[in-house]
2 protein chains.
Amino acid sequence: MDQDATCCPGLAAAPLDDERATELARVFKAMGDPVRLRLLSMIASREGGEVCVCEMTPAFDLSQPTISHHLKLLRQAGLIDCERRGTWVYYWAVPGALDTLAGFLTTKQTDLAARRTTGATRQTAGPTAQTAGATP
Amino acid sequence: MDQDATCCPGLAAAPLDDERATELARVFKAMGDPVRLRLLSMIASREGGEVCVCEMTPAFDLSQPTISHHLKLLRQAGLIDCERRGTWVYYWAVPGALDTLAGFLTTKQTDLAARRTTGATRQTAGPTAQTAGATP
DNA sequence: CGTCAACATAGAGAAATGTCGAAACAAGAG
DNA sequence: CTCTTGTTTCGACATTTCTCTATGTTGACG
């Protein structure tokens with residue numbers, strides 16, 4: 001469900017509205033922690049795409065509940081998903097999530113076109129165009 | 001300076017080491033706030049690339065010191081930079097920062113090749129390959 | 001049914017973060 | 001020089017986040 005929020009316009013296309021910024025911030029915040037970033041990388045770099053929790057936990061100097069908590073945040077951000085098989089739980093990267101996010105950050109030509117459409121974004125009074133006068 | 005940390009291997013190429021994950025987490029954490037994300041988008045979507053603080057502040061229901069604080073965090077993350085011209089201060093997006101970050105998230109074929117080189121990443125004992133036995 | 005192992009959840013405390021008002025700093029105007 | 005405007009810095013406080021220990025849940029195995 002988070003994928004829909006990160007799909008279309010691009011960050012450099014037009015100023016984000018508050019609602020969309022909030023959704024996106026949740027995803028970036030999930031990646032704003034070294035432990036979660038390592039977990040995500042550990043999962044995304046797997047070919048089969050499946051990593052057992054019992055494999056990730058001993059890679060950190062953290063307790064097992066802490067790792068479980070971080071995995072939960074990554075899952076709530078829509079970056080990974082999991083399934084229980086017998087005793088063990090396996091995590092994998094949600095297929096298009098990272099690429100969608102990457103496309104959102106890329107300042108591609110599509111964004112430039114969209115930017116021109118949006119045009120002037122001056123919402124308040126102030127020195128917008130005639131700023132050169134202040135720097136002789 | 002943060003660009004060097006986000007340039008080379010790719011998140012899905014191989015598991016991140018602790019040091020690199022810490023550097024990257026600082027950048028993602030800077031984008032993990034709705035206000036900062038809107039500020040960054042507001043700056044990055046400008047053609048000239050320069051946005052005056054006096055133009056950004058009234059777009060939020062926040063005090064001016066708070067906006068200044070968020071801009072400082074974005075600048076420390078290496079995403080934007082600023083310069084004072086007369087009374088006003090102008091911010092712009094650091095040229096390759098967003099695209100570098102996007103490339104780091106993209107799960108491209110280069111990463112697949114690098115992943116094969118790294119090979120087996122099993123660091124502990126556990127059910128790695130023979131997991132099918134647990135699910136009849 | 002009882003026991004054990006693997007994960008998840010709940011609650012608590014320490015640390016980090018977001019926000020504000022007050023004050024300091026910078027630069028142009030009178 | 002003084003005054004005004006724009007911006008940053010400084011403390012202070014409320015909220016969130018990170019981590020732990022303790023407990024609950026699920027499934028395998030006798």
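All values derive from a computational prediction rather than experimental measurement. Heavy-atom basis, side chains included; hydrogens, waters and symmetry copies ignored. Lettering of chains follows the sequences in order, A, B, ..., and the numbering in each one begins at 1.
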When you measure from the side-chain N and O atoms of [X] to the phosphate of [N], is any distance below 4.0 Å, counting only OP1 and OP2?
X     : N      : answer
A:R85 : C:dA6  : no
B:K29 : C:dT17 : yes
B:T66 : C:dC20 : yes
B:S68 : D:dT7  : no
A:S63 : D:dC20 : yes
B:Y90 : D:dT7  : no

Write down the distance between [atom1] ([X]) and [atom2] ([N]), rounded to a whole number of angstrom.
X     : N      : atom1 : atom2 : value
A:Q76 : D:dC18 : CD    : C1'   : 15 Å
B:K72 : C:dG18 : NZ    : C1'   : 14 Å
A:H69 : C:dA6  : NE2   : P     : 23 Å
A:M31 : D:dC18 : CE    : P     : 14 Å
B:W88 : D:dG6  : CH2   : P     : 8 Å
B:R26 : C:dT17 : CZ    : C1'   : 15 Å
B:D61 : C:dC20 : CG    : P     : 9 Å
B:E83 : D:dG6  : CD    : C1'   : 16 Å

- Fit a plane to each ring of B:F28 and B:F104, take the angle between them on a 0 to 90° scale, and name the class: parallel (under 30°), tilted (30 to 60°) or perpendicular (over 60°).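 Ring orientation of B:F28 relative to B:F104: tilted.
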- Query: Can a donor-acceptor pair under 3.5 Å be found between the side-chain atoms of B:R84 and the base atoms of D:dT7?
  - Reply: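 Not at all, since no donor on one side and acceptor on the other fall under 3.5 Å apart.
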- C:dA6 base / A:Q64 side chain donor-acceptor hit below 3.5 Å: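 Answer is no: no donor-acceptor pair is held.
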- Establish, yes or no, whether the cationic atom of A:R85 lies under 6.0 Å from the six-membered ring centre of A:Y90 and within 45° of the ring axis.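 Yes, A:R85 lies over the aromatic ring of A:Y90.
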Would you confirm whether [X], through its side chain, and [Y], through its main-chain N or O, come within 3.5 Å as a donor-acceptor pair?
X     : Y     : answer
A:R46 : A:A93 : no
B:R38 : B:L40 : no
B:S41 : A:L11 : yes

Pick base, sugar-phosphate or nothing for [X], based on heavy-atom distances below 4.0 Å to the nucleic acid.
X     : answer
B:F60 : nothing
A:I67 : nothing
A:L71 : nothing

- Query: Closest to the B:T87 side chain: D:dG6, D:dT8, D:dA28?
  - Reply: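 So the side chain of B:T87 is nearest to D:dG6.
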- Nucleotide of D:dC20, D:dC18, C:dC7 approaching A:C52 most closely (side-chain heavy atoms):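 Among D:dC20, D:dC18, C:dC7, the one nearest the side chain of A:C52 is C:dC7.
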- Query: Which distance, rounded to the nearest 0.5 Å, do you find between the CG of A:L105 and the CG of B:L101?
  - Reply: 5.5 Å
- Item | Contact nearer the 5' end of DNA chain C, comparing B:H70 with B:P65 |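 This one resolves to B:H70.
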